[in-house]
Participant: 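Dumping the structure here so I can ask a few things about it.
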Amino acid sequence: MTTTTLITVAPTGAESAKADVPALPVTLDELVLTAKECAALGASVIHVHIRDEQARPTLDLGRLRETVTALRESTDLIVQLSSGGAVTDPEADRLRVLDAAPDMASCTMGTVNFGDDVFLNRWEFIVDLHTRMQERGIVPEYEIFDLGHLAALERLLGKHGLPAGGHVHVDFVMGVPGGMPGTTAALVACANEVRNLPEGTTFSATGIGRTAIPVLLASLSAGGHLRVGMEDTVTYAKGRPVESNMQLVARAVGFAQLAQRPPMTPLDARELLGLPTSR
């Protein structure tokens, strides 16, 4: 079992509106400040969605490049861009995210019902995303919304080889309406299936909404890592809105320390994930 914990912060997402969640970081300055605060607490990866001037989700390449540059200049965090965007974003725009040259990018391993919408990830698109990241030295985080997505990942790696860096890291996204539930039983089932992936594969887990704490505890107990942030939950406790991403990272750090698995440094995280230790 690992002795430290990789903590990823996902501060913004594409679902919540700034008008409904005033603490949501949507400008570049807000995102950079959030990154600095969360890095100081123990986060080592930042999973990034960006917004336009009206605080609407966007995959504008110029804004993405500016964001990657600003985060690298301001922090030592590993910058992971979302290739998912919003559920309505076309495939071409999602692939173009890689042109911003992040350290990492997400790669969702299948289609899933997403509330009232459908998050479409065709097999051909997944292969294209995976192989482009291989060519560019961008390390993927494979997003798993349902158990079958792990079987798809096994197929992908078998047909198209290991990712850039040679290390396989997955994130179980749990509790999305239409995906797998955010329960201990579901996490254990996924963790068991990870054994079919290359030796040394690691996993993080994300609990959406009220599943945040059950998933956090289950992941730590199963030897997994953590992703937290206002992309995934905007309520700290019943009737209590999240005040900042710092609040969620601080809670994750506290639980990791209680589990005697303190936060991993960005340098250690780079070594784990197969990233260059210097930019």
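None of the values given here were measured: they were computed from a predicted structure.
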Participant: With side chains defined as the heavy atoms from C-beta onward, is the minimum distance between L24 and R51 less than 4.5 Å?
Facilitator: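 Side-chain contact under 4.5 Å: yes.
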
Participant: Can you name the nearest heavy-atom pair linking V68 to A101, along with the distance?
Facilitator: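 For V68 and A101, the tightest heavy-atom pair comes out as CG1-O, 4.1 Å.
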
Participant: In Å, rounded to the nearest 0.5 Å, how long is the span from CG of D146 to CZ of F172?
Facilitator: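 Here the rounded value is 12.0 Å.
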
Participant: With a 4.5 Å limit on heavy-atom distance, are the side chains of V215 and T206 in contact?
Facilitator: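 A side-chain contact under 4.5 Å is absent here.
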
Participant: Taking all non-hydrogen atoms of both residues, which atom of A100 and which atom of L64 are closest, and how far apart?
Facilitator: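 Here A100 and L64 meet closest at CB-CB, 3.9 Å.
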
Participant: Say whether Y142 and H130, considering side chains only, have a donor N or O and an acceptor N or O under 3.5 Å apart.
Facilitator: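 Checked: Y142/H130 side chains pair up, N/O donor to acceptor below 3.5 Å.
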
Participant: Using a 4.5 Å cut-off on heavy atoms from C-beta on, say whether the side chain of F203 contacts that of S219.
Facilitator: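 With C-beta onward as the side chain, the pair touches.
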
Participant: Ignoring hydrogens, what is the shortest heavy-atom contact between A256 and T5? Give both atom names and the distance.
Facilitator: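 Where A256 meets T5 most closely, the heavy atoms are CB-OG1, 3.8 Å.
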
Participant: What about V170 and L157, same hydrophobic cluster or not, with Ile/Leu/Val/Met/Phe/Trp/Tyr joined at side-chain heavy-atom distances under 4.5 Å?
Facilitator: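 Yes; L157 is reachable from V170 via cluster members.
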
Participant: How far does CE of M109 sit from CG of N121, to the nearest 0.5 angstrom?
Facilitator: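 Result: 9.0 Å between the selected atoms.
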
Participant: To the nearest 0.5 Å, what is the distance between CZ (R132) and CD1 (I138)?
Facilitator: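 Going from the CZ atom of R132 to the CD1 atom of I138 covers 10.5 Å.
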
Participant: Taking the basic N atoms (NZ, or NE/NH1/NH2) and the acidic carboxylate oxygens, is any pair closer than 4.0 Å for R96 and E91?
Facilitator: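 A salt bridge is absent here (no side-chain N lies under 4.0 Å from a carboxylate O).
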
Participant: Starting at CZ of F125, measure out to SG of C107 and round the result to the nearest 0.5 Å.
Facilitator: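 Going from the CZ atom of F125 to the SG atom of C107 covers 7.5 Å.
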
Participant: Not counting sequence neighbours, list each pair that qualifies as a salt bridge (charged side-chain N to carboxylate O under 4.0 Å, His left out) and has a residue in residues 184-210.
Facilitator: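 Passing the test, one end in residues 184-210: no pairs.
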
Participant: Please say yes or no: joined through hydrophobic side-chain contacts below 4.5 Å, possibly via intermediate residues, are V176 and V21 part of one cluster?
Facilitator: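 They do not share one cluster, since no chain of ILVMFWY contacts under 4.5 Å joins V176 to V21.
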
Participant: Just to verify, which of T8, V139, L275 counts as forming a side chain to side chain contact (heavy atoms under 4.5 Å, CB included) with I78?
Facilitator: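 The passing option is L275.
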
Participant: When you compare the side chain of S204 with that of L6, does any pair of heavy atoms fall below 4.5 Å?
Facilitator: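 When only atoms from C-beta onward are counted, S204 and L6 do touch, with a gap below 4.5 Å.
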
Participant: Any idea how H47 and H49 line up, ring-wise: parallel (<30°), tilted (30 to 60°), or perpendicular (>60°)?
Facilitator: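 Perpendicular.
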
Participant: Is it possible for you to say whether L41 and L216 belong to one hydrophobic cluster, with membership spreading through side-chain heavy-atom contacts below 4.5 Å?
Facilitator: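 Yes; L216 is reachable from L41 via cluster members.
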
Participant: Looking at A35 and I46, what are the two nearest heavy atoms and their distance?
Facilitator: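 A35 and I46 have their closest heavy atoms at CB-CD1, 3.8 Å.
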
Participant: Minimum heavy-atom separation for L31 to P11, with atom names?
Facilitator: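 Closest pair (atom of L31, atom of P11, distance): CD1-CG, 3.6 Å.
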
Participant: Please identify each residue that fulfils salt bridge (Lys or Arg N to Asp or Glu O under 4.0 Å) with R251, with sequence neighbours left out.
Facilitator: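 Residues passing salt bridge (Lys or Arg N to Asp or Glu O under 4.0 Å) with R251: none at all.
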
Participant: I'd like to know if the side chain of R261 and the backbone of T4 have a donor-acceptor N/O pair within less than 3.5 Å.
Facilitator: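 Between the backbone of T4 and the side chain of R261 there is a qualifying donor-acceptor contact (under 3.5 Å).
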
Participant: How long is the straight-line distance from OG1 of T111 back to CZ of F145, given to the nearest 0.5 Å?
Facilitator: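 Rounded to the nearest 0.5 Å, the CZ-OG1 separation comes out at 11.0 Å.
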
Participant: Has Q54 got more than 12 heavy atoms of other residues, nucleotides or ligands less than 6.0 Å from its CD?
Facilitator: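 Check passes, neighbour count above 12.
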
Participant: Salt bridge check: are R63 and E53 linked by an N-O gap of less than 4.0 Å?
Facilitator: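 Yes, this pair counts.
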
Participant: Any heavy-atom pair between the side chains of I208 and V173 that's under 4.5 Å?
Facilitator: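 V173 vs I208: side chains touch.
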
Participant: Are the charged groups of R65 and D99 less than 4.0 angstrom apart, N to O?
Facilitator: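 No, this pair does not count.
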
Participant: Step by step, work out the salt bridge (Lys or Arg N to Asp or Glu O under 4.0 Å) result for K18 and E30.
Facilitator: CA-CA 12 Å; K18 180 74 167 178; E30 289 172 342; 3.4 Å; yes

Participant: Is there a chain of hydrophobic side chains (I, L, V, M, F, W, Y, each step under 4.5 Å between heavy atoms) that links I144 to L120?
Facilitator: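 Shared cluster, no.
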
Participant: Quick one: NZ on K36 to CG on L71, what's the gap to the nearest 0.5 Å?
Facilitator: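 K36 NZ to L71 CG: 10.5 Å, rounded to 0.5 Å.
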
Participant: Which pairs count as salt bridge (charged side-chain N to carboxylate O under 4.0 Å, His left out) when at least one residue sits in residues 170-190, sequence neighbours excluded?
Facilitator: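 Qualifying pairs, neighbours excluded: D171-R227.
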
Participant: Hey, any chance L98 and L59 share a hydrophobic cluster, counting ILVMFWY side chains that come within less than 4.5 Å of each other, even indirectly?
Facilitator: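 Unlinked, L98 and L59 end up in two clusters.
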
Participant: Students often mix this up, so state it plainly: with edges at 30° and 60°, are the rings of H169 and H225 parallel, tilted or perpendicular?
Facilitator: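 Plane angle between 30° and 60°, so tilted.
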
